[in-house]
Amino acid sequence: MSLTRIAHSPYTLVVCEKPNAARRIAQALGTSSFKEISALEIVGRRGLPPVFSVVDRNNQHFVVCSALGHLYGLVDVNGNRSTYPVFDVKWMPILKKRNRKGPKTATRSVQIIKSIFLLSQKATRFVHACDYDQEGEVIGYNVLEYACKNKYESSLRAKFSTLTDEEIRNSFDNLLKPSKGLAGAGRSRHMIDFIYGVNLSRALTQSFKVSNDRKRYCNLSIGRVQGPTLAFVVDREMEIRQHVQEPYWNISGEFEKKGHIIKVHYYQQKISTLSEATSIVNACTNEDGKITGIENQKVTFKAPTPFNLGDLQKEAYRVFKFSPSYTLTIAEKLYIGALISYPRTSSQKLPASTNYKKIISGLSKILFLGGTSNNESTGSRGTYTNLAKSLLARDNLSPNDGSKTDPAHPAIYPTGEKPKGKLKAVEVKLFDLIIRRFLATFGDPAISGHTTVTILVKDNYVFRADGKKKIYEGWMYFYKPYNNRSDVETDLPELHEGDILRNVVIRMDKRFTQPPPRFNQVSLLEEMEREKIGTKATRSEVIETLFKRNYISSTSTHQRKNNGIGGIETTGVGFAIIQSMRKYMPSIVSTDLTRSMEKQLEHIESGKAKSSLVIGYAINKIKKAVVSFKEKETEIGRQITDAVISTQNKHQQRVLGNCPRCSKGVLKIIRSSITKKRFAGCSNYSSGGCKAIAPLPQKGSIETIDKTCALCRWPVVKTVFAGQAKHHWEFCINMQCPSKKQQQ
DNA sequence: GCAAGGTC
């Protein structure tokens with residue numbers, strides 16, 4: 001341990017939230033002597049956040065250390081997961097891994113805490129320099145209170161919103177008092193979420209256990225964010241089921257001028273009765289039209305805004321069909337590879353201090369060999385060389401910043417670094433999307449011309465024809481493979497007011513009103529954003545949890561409509577959970593809990609309310625709910641149990657689906673007596689000689705999800721690897737499926 | 001094998 005090496009002079013210990021921030025802060029503060037000390041020298045362990053020793057402009061000595069997000073979390077003092085209610089909780093170092101056989105092993109958090117403790121021993125002053133938000137305040141509070149031993153009150157707070165040299169130096173020149181209110185509010189938030197979530201989750205799990213005589217186990221959960229999110233899906237499901245289709249009629253037709261066919265539609269989009277529609281069609285059939293108006297409009301589309309995490313997730317879903325959590329996982333890898341900036345941001349703004357030209361010329365050197373299908377690279381030059389050139393030729397570059405901000409991080413942008421190793425195909429895809437989006441934010445507005453022609457038939461019936469033409473490509477040049485608006489131009493011939501058009505045909509189509517579309521992963525995420533539940537970094541995880549618990553599932557292929565692929569529907573379990581919660585703890589499934597909690601926390605923050613009282617109130621409420629829940633335990637359990645068991649049975653069945661080859665048998669999971677490996681084979685093999693066969697992964701559980709591949713009609717199944725339920729994987733079992741060829 | 005929130 002070489003604490004002696006840094007402790008020649010008295011120093012201020014600076015506590016940061018994450019290693020990156022520590023490095024930036026040390027760089028900004030330090031003058032010439034910038035020293036990095038490995039954790040190996042402090043606690044004898046590698047792989048922990050580095051510590052920096054710097055001397056600033058005023059010759060003050062700083063030692064900058066870092067947490068790794070939350071190092072402390074709440075634990076149930078009792079520790080028995082099957083008892084509830086539990087109100088006796090305390091803050092403890094987060095222990096993630098434990099040895100299966102032996103005692104708990106010290107984790108990374110414990111090692112970091114130990115190293116910060118040692119550094120704190122010789123510090124004369126403490127600066128809290130975590131992100132300036134509620135969670136950041138808590139992270140620093142816990143480090144200063146527990147690791148540094150009661151130093152929060154005497155510490156000073158560095159307040160900055162971006163990690164630029166200027167802001168950091170400025171914040172250290174103007175250190176504030178710690179925000180006790182903010183820390184109290186944050187810690188209360190943890191407490192309330194724990195008390196509600198853990199107690200109700202245990203209550204649900206227990207009720208299932210007792211009502212099936214403890215034969216089966218099913219992990220059920222609910223919480224302040226899970227509850228309302230599940231309720232969104234359940235309520236939408238109800239709306240869809242209760243929807244009554246109403247018919248309406250659409251009238252369209254074709255006119256002709258000098259051999260050009262012009263498609264027209266009746267000005268009124270929906271005609272509600274058959275008689276009205278018929279009378280219009282009858283009246284207009286074979287009647288020529290006269291142009292009474294031509295309106296030309298120039299429509300401009302501003303460049304897109306820089307990505308924040310939500311925007312990136314939406315776009316990656318739209319163009320690649322990546323689920324939001326998958327996108328975050330890939331983005332994290334790109335971030336760790338130093339290819340993009342920090343992805344968990346809600347900001348749509350790029351800092352003015354960014355050296356755009358440097359990044360862009362860096363990007364122009366990147367070349368994806370056969371990576372993206374859509375580069376316009378020429379010869380051996382980089383994938384983005386041409387795009388970069390056209391931007392670098394400009395005098396000044398300013399991105400089209402959006403309105404959303406983030407206290408801790410700028411929008412997502414590529415760093416301009418070249419990938420060090422070979423990227424996976426999905427990483428290339430997401431990286432390409434981020435690069436092109438970044439380039440496109442500097443582009444000019446795109447302009448297209450829209451023409452609306454009004455056609456009158458028998459002086460009484462109004463039809464319209466629309467034309468669309470690209471006038472100026474602007475930013476779309478950079479974002480080409482991913483442009484949303486259809487590039488299809490609808491051409492109109494040259495037309496003038498007063499022109500007579502020959503009537504070719506007028507027709508009507510019967511349509512029906514549609515129920516609202518099912519949520520997909522992205523629209524559910526958007527709903528959570530709108531209702532302000534969860535955070536940018538956790539929303540997609542919560543959706544994954546609902547899948548993992550079998551509360552929600554992807555709709556079967558044949559049911560896919562409206563919003564296309566990946567609709568989410570609720571399962572029987574999801575229904576049962578929401579029903580029983582609505583009965584016994586209605587606030588947990590509505591967004592009210594979040595709303596009222598936020599209000600209480602604001603009061604704590606401003607000093608108007610005491611956190612102990614707010615938490616006491618929450619405890620009281622949960623106590624009452626738990627009592628009435630326990631009384632009805634068997635009754636609730638029965639409701640949930642039926643749903644759980646039928647879902648479990650469904651998932652455990654060995655039949656994967658109908659055999660697409662012989663259409664008589666079913667594909668079943670079979671274990672080979674020779675190789676002991678499992679595979680899918682047709683039940684019609686011995687009697688009918690059907691040789692349909694497909695390999696299956698040998699590890700993990702295989703679940704049927706009532707889904708058939710859209711391309712080859714073979715069953716689609718889901719595998720979950722033990723302990724990694726988050727990363728379940730759906731695939732068509734047919735090795736010859738065209739979808740597998742497309743992916744190569 | 002319980003929440004939600006940080007970060008790797």
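Order of the sequence lines fixes the chain letters, A, B, ..., with proteins taken first and strands second; residue numbering starts at 1 for each chain.
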Q.
For a quick check of understanding: with a heavy-atom distance under 4.0 Å over all strands, which category does A/Pro19 fall into, base, sugar-phosphate or nothing?
A. sugar-phosphate

Q) Pairs in or reaching into residues 136-152 of chain A: which pass salt bridge (charged side-chain N to carboxylate O under 4.0 Å, His left out), with residues at least two apart or in two chains? A) A/Glu137-A/Arg157

Q | Residues from residues 617-638 of chain A lying under 4.0 Å of DNA chain B - heavy atoms | A | none

Q: Could you check whether A/Arg224 gets within reach of a base, just the sugar-phosphate, or nothing at all, counting any heavy atom under 4.0 Å?
A: sugar-phosphate

Can you list, pair by pair, the side-chain donor-acceptor contacts under 3.5 Å of residues 579-595 of chain A, counting residues two or more places apart and other chains?
{"unit_1": "A/Ser580", "atom_1": "OG", "unit_2": "A/Ala576", "atom_2": "O", "d": "3.1"}
{"unit_1": "A/Ser580", "atom_1": "OG", "unit_2": "A/Ile577", "atom_2": "O", "d": "3.2"}
{"unit_1": "A/Arg582", "atom_1": "NH1", "unit_2": "A/Asp235", "atom_2": "OD1", "d": "3.3"}
{"unit_1": "A/Arg582", "atom_1": "NH2", "unit_2": "A/Asp235", "atom_2": "OD1", "d": "3.4"}
{"unit_1": "A/Arg582", "atom_1": "NH2", "unit_2": "A/Asp235", "atom_2": "OD2", "d": "3.1"}
{"unit_1": "A/Ser590", "atom_1": "OG", "unit_2": "A/Asp592", "atom_2": "N", "d": "3.1"}
{"unit_1": "A/Ser590", "atom_1": "OG", "unit_2": "A/Asp592", "atom_2": "OD2", "d": "3.4"}
{"unit_1": "A/Thr594", "atom_1": "OG1", "unit_2": "A/Arg224", "atom_2": "NH1", "d": "3.4"}
{"unit_1": "A/Arg595", "atom_1": "NH1", "unit_2": "A/Glu531", "atom_2": "O", "d": "3.4"}
{"unit_1": "A/Arg595", "atom_1": "NH2", "unit_2": "A/Glu531", "atom_2": "O", "d": "2.4"}
{"unit_1": "A/Arg595", "atom_1": "NH2", "unit_2": "A/Lys532", "atom_2": "O", "d": "3.4"}

(Q) Restricting to ring pair (Phe, Tyr, Trp, His ring centres under 6.0 Å), what partner residues turn up for A/Tyr342, sequence neighbours left out? (A) A/Tyr335, A/His409

(Q) Using a 4.0 Å heavy-atom cut-off, does A/Glu17 contact any base of the nucleic acid, only the sugar-phosphate backbone, or nothing at all? (A) sugar-phosphate

Q: Look at the side chain of A/Gln226 and decide which nucleotide, out of B/dA4, B/dG6, B/dC2, has an atom nearest to it.
A: B/dA4

Q. Tell me, which of residues 193-211 of chain A have any heavy atom that sits under 4.0 Å from an atom in DNA chain B?
A. A/Asp193, A/Phe194, A/Gly197, A/Val198, A/Ser201, A/Arg202

Q. Starting at CE of A/Met585 and ending at C1' of B/dA3, how long is that distance when rounded to a whole Å?
A. 13 Å

Q. Using a heavy-atom distance cut-off of less than 4.0 Å, which residues of residues 66-89 of chain A contact DNA chain B?
A. A/Leu68, A/Gly69, A/His70, A/Leu74, A/Arg81

**Q.** A/Ile222 CD1 to B/dG1 P, straight-line distance once rounded to whole Å
**A.** 20 Å

**Q.** Single hit among A/Gln521, A/Arg539, A/Glu544 for side chain to side chain donor-acceptor pair (under 3.5 Å) with A/Ser325
**A.** A/Glu544

Q. Atom CG of A/Leu328 to atom P of B/dT7: distance rounded to whole Å?
A. 11 Å

**Q.** Residues in side chain to side chain donor-acceptor pair (under 3.5 Å) contact with A/Thr83, at least two apart in sequence or another chain
**A.** A/Asn78

Q: Remember a base hit wins even if backbone is also touched, and classify A/Gly47 as base, sugar-phosphate or nothing at under 4.0 Å, heavy atoms.
A: nothing

Q: Could you state the atom-to-atom distance from CZ of A/Arg549 to C1' of B/dA3 in whole Å?
A: 10 Å

**Q.** Listed partners of A/Lys114 passing side-chain contact (heavy atoms from CB on, under 4.5 Å), at least two apart
**A.** A/Val43

(Q) Nearest whole Å is fine: how far is B/dT7 C1' from A/Ile94 CD1? (A) 10 Å

Q | Interatomic distance where CG belongs to A/Leu546 and P belongs to B/dC2 [whole Å] | A | 14 Å

(Q) From C-beta outward on A/Arg344, which listed nucleotide comes closest to its side chain: B/dG5, B/dC2, B/dT7? (A) B/dT7

Under 3.5 Å, which donor-acceptor pairs do the side chains of residues 610-621 of chain A form with other protein atoms, sequence neighbours left out?
none

**Q.** Partners meeting side chain to side chain donor-acceptor pair (under 3.5 Å) with A/Ser109 (sequence neighbours left out)
**A.** none

**Q.** ring pair (Phe, Tyr, Trp, His ring centres under 6.0 Å) partners of A/Phe322, counting only residues at least two apart
**A.** A/Phe320, A/Tyr326

**Q.** Other residues, nucleotides, ligands: >12 heavy atoms within 6.0 Å of A/Lys180 NZ
**A.** no

(Q) Please report the distance, rounded to the nearest Å, between CD1 in A/Ile192 and P in B/dG5. (A) 12 Å

Q. Partners of A/Thr405 by side chain to side chain donor-acceptor pair (under 3.5 Å), sequence neighbours excluded?
A. none

Q | Pairwise distance SG(A/Cys130) to CG(A/Asp133) - rounded to 0.5 angstrom | A | 9.5 Å

(Q) Go nucleotide by nucleotide along DNA chain B from the 5' end; which of A/Ala537 and A/His190 gets its closest nucleotide reached first? (A) A/His190

Q: Take atom CD1 of A/Ile543 and atom C1' of B/dA4, then tell me their distance rounded to the nearest Å.
A: 15 Å

**Q.** Nucleotide nearest A/Ser221 when distance is taken to its side chain, options B/dG5, B/dC2, B/dT7
**A.** B/dC2

